[in-house]
There are 2 protein chains.
Amino acid sequence: MATNQADPAPPHPDVRLTPTSVIVLGLISMTGQATPYELKQAVAASVGNFWSLPHAQLYAEPARLARAGLLDEQVESGGRRRKTYRVTPVGHAALGRWLAEPTGTYTELRDPGLLKLYFGADRGPLARAQLDAHRAKLAEYEELMRSVGPTLPPGPRLALRSGIGHEREWVQFWSEVVREAGPDPGDG
Amino acid sequence: MATNQADPAPPHPDVRLTPTSVIVLGLISMTGQATPYELKQAVAASVGNFWSLPHAQLYAEPARLARAGLLDEQVESGGRRRKTYRVTPVGHAALGRWLAEPTGTYTELRDPGLLKLYFGADRGPLARAQLDAHRAKLAEYEELMRSVGPTLPPGPRLALRSGIGHEREWVQFWSEVVREAGPDPGDG
DNA sequence: ACCGTCATGTAATCGGTTACATGATTCT
DNA sequence: AGAATCATGTAACCGATTACATGACGGT
């Protein structure tokens, strides 16, 4: 069988790049190097607003990418044995290729609130809860845009602009649902 | 220890309801009964627009819900041994409870195109590809609203309206990116 | 020195995706 | 009736979530 040859454990060259991979590659590429914990903070401060990752992934994924030769792994000798990662030339090339493919993929909304609405949940309470959440998020984004927006590179700034647009859409949508559902029966 | 008693394999009462569970429960509840294949068609014709499921899930998930006692499973005696599912009273109760909790959960965009934008992809080609995709989706939704919209129950119609709103937002966003990126260098 | 909390990391589980497999149907 | 295509179903794999575990650190 073809898989039977003895590989002297060279970097396995063919990994699928998931969005998680891209985030890890992209952030390490921007910062030069990072430990998983630093990655966690970097995600929270950057793409985390529209694509967050559980911290456990930030230990598993770099390890996977290192096995594939896209990252270089350096283990600290001290007590914690922290691992520091850097992007290899192979990794840069892979990231570059991924960035160069303009995707026409459509992303589904996959919003649990919408699911509740679809299957007949009571619209008043649902819409009010959603409205609160989205108003808060919108305020947060607008504050972000006001404070750090001007200093952001074009990509991140556009992403933030997009987030604001969608939050405005959500606020408007749920507002209409609230209006059509009538006022909170707890009132008056 | 408390878990040590001998259960005579009764329906395991505590399943987490994932969105997948809810879609399966909800659709079977609306149609009365369904086989996995019918579920596949039902999803495509309903929630599939904003929350699709790979067909393999529509075999695995009903089985799981049946084990938990939320669905009743009936096996056809013929050659295919098709399985037909119905919602049990326990299942209806579980669905009802889920629908009654108004969630304030915020859903991330998680759009691969935005990810590319964020990490510095060439904006022109990306934005044009995205624009095409979203224009097509928007046209599809608007056509749906025109044709079947008036006959839809409130929940599904609102969900569709929401989808249209978000697609308009995407179209506007990527249009701006196209404009700011300048015209296609492939042009004269 | 102890306790609570946060930082950091690993392990186990589970849902979801991908790939494969077989039965039905249609067309020629 | 044979081939191609679609319907229907199962199995294996893998990424992601959850839960657990330990190390550091600040306060009292």
Side-chain angles (χ1 to χ4, degrees), chain A residues 1-3 12 14-25 33-45 47-48 51-68 70-71 73-85 98 105 107-108 110 112 115, chain B residues 3 12 14-25 33-45 47-48 51-68 70-71 73-85 98 105 107-108 110 112 115:
Chain A
M1 36 186 82
T3 60
H12 188 60
D14 52 330
V15 254
R16 253 181 326 167
L17 283 198
T18 67
T20 298
S21 317
V22 169
I23 292 173
V24 166
L25 272 177
Q33 64 173 58
T35 66
Y37 191 72
E38 288 164 354
L39 272 178
K40 175 183 150 189
Q41 295 167 294
V43 168
V47 285
W51 203 312
S52 74
L53 303 176
H55 82 282
Q57 282 289 103
L58 299 176
Y59 291 86
E61 186 66 18
R64 199 173 77 93
L65 295 177
R67 274 197 304 278
L70 307 198
L71 289 180
E73 180 182 293
Q74 198 125 328
V75 184
E76 174 196 56
S77 35
R80 275 298 179 113
R81 308 200 62 73
R82 280 194 188 83
K83 288 166 184 166
T84 299
Y85 294 93
W98 186 84
T105 300
T107 302
E108 298 171 355
R110 292 188 174 248
L115 216 46
Chain B
T3 60
H12 188 61
D14 51 330
V15 252
R16 252 180 327 169
L17 282 198
T18 67
T20 298
S21 317
V22 169
I23 292 173
V24 166
L25 273 176
Q33 64 172 58
T35 67
Y37 191 71
E38 289 164 353
L39 272 178
K40 175 184 151 189
Q41 294 167 293
V43 168
V47 284
W51 202 311
S52 73
L53 303 175
H55 82 280
Q57 281 288 101
L58 298 176
Y59 292 85
E61 185 66 18
R64 198 173 76 93
L65 295 176
R67 273 197 305 278
L70 307 198
L71 290 180
E73 179 181 292
Q74 199 124 329
V75 183
E76 176 195 54
S77 33
R80 275 299 179 113
R81 309 200 61 74
R82 281 194 187 83
K83 287 165 184 167
T84 300
Y85 294 93
W98 186 84
T105 300
T107 303
E108 298 170 356
R110 290 186 174 249
L115 218 45

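Chain naming here is simple, since letters A, B, ... match the order of the sequence lines and numbering starts at 1 in each.
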Who are the side chain to side chain donor-acceptor pair (under 3.5 Å) partners of [X], not counting sequence neighbours?
{"X": "A:Q74", "result": "none"}
{"X": "B:Q57", "result": "none"}
{"X": "B:S21", "result": "B:T18, B:E61, B:R64"}

May I have the distance from [X] (atom [atom1]) to [N] (atom [atom2]), rounded to whole angstrom?
{"X": "A:K83", "N": "C:dG9", "atom1": "NZ", "atom2": "P", "answer": "9 Å"}
{"X": "B:H55", "N": "D:dA7", "atom1": "NE2", "atom2": "C1'", "answer": "9 Å"}
{"X": "B:R82", "N": "D:dA7", "atom1": "CZ", "atom2": "P", "answer": "12 Å"}
{"X": "B:E38", "N": "D:dA7", "atom1": "CD", "atom2": "P", "answer": "14 Å"}
{"X": "A:L39", "N": "C:dA7", "atom1": "CG", "atom2": "P", "answer": "16 Å"}
{"X": "A:Q41", "N": "C:dA7", "atom1": "CD", "atom2": "C1'", "answer": "9 Å"}
{"X": "A:E73", "N": "C:dG9", "atom1": "CD", "atom2": "P", "answer": "12 Å"}
{"X": "A:L53", "N": "D:dA16", "atom1": "CG", "atom2": "C1'", "answer": "10 Å"}

* Between B:P36 and B:R110, name the one whose nearest nucleotide on DNA chain D is closer to the 5' end. =>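 Whichever sits nearer the 5' end wins; that is B:P36.
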* **Side-chain heavy atoms of B:P36 within contact of B:R82, under 4.5 Å** => no
* **Sub-4.5 Å side-chain heavy-atom contact between A:P112 and B:W51** => yes
* For DNA chain C, whose closest nucleotide is more 5', that of A:K40 or that of B:P19? -> A:K40
* Mind checking what makes side-chain contact (heavy atoms from CB on, under 4.5 Å) contact with B:A63, not counting sequence neighbours? ->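 Residues passing side-chain contact (heavy atoms from CB on, under 4.5 Å) with B:A63: B:R67, B:Y85.
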Got a list of protein N/O to nucleotides 11-15 of chain D N/O distances below 3.5 Å?
| unit_1 | atom_1 | unit_2 | atom_2 | d |
| --- | --- | --- | --- | --- |
| D:dG15 | OP1 | A:R64 | NH1 | 2.9 |

* Asked: With sequence neighbours left out, what residues match B:E73 under salt bridge (charged side-chain N to carboxylate O under 4.0 Å, His left out)?
  ->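 Listed in chain order: nothing, the list is empty.
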* Closer than 4.0 Å, any side-chain N/O of A:Y59 to the OP1 or OP2 of C:dG9? ->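 It does, given that an N or O in the side chain of A:Y59 lies less than 4.0 Å from OP1 or OP2 of C:dG9.
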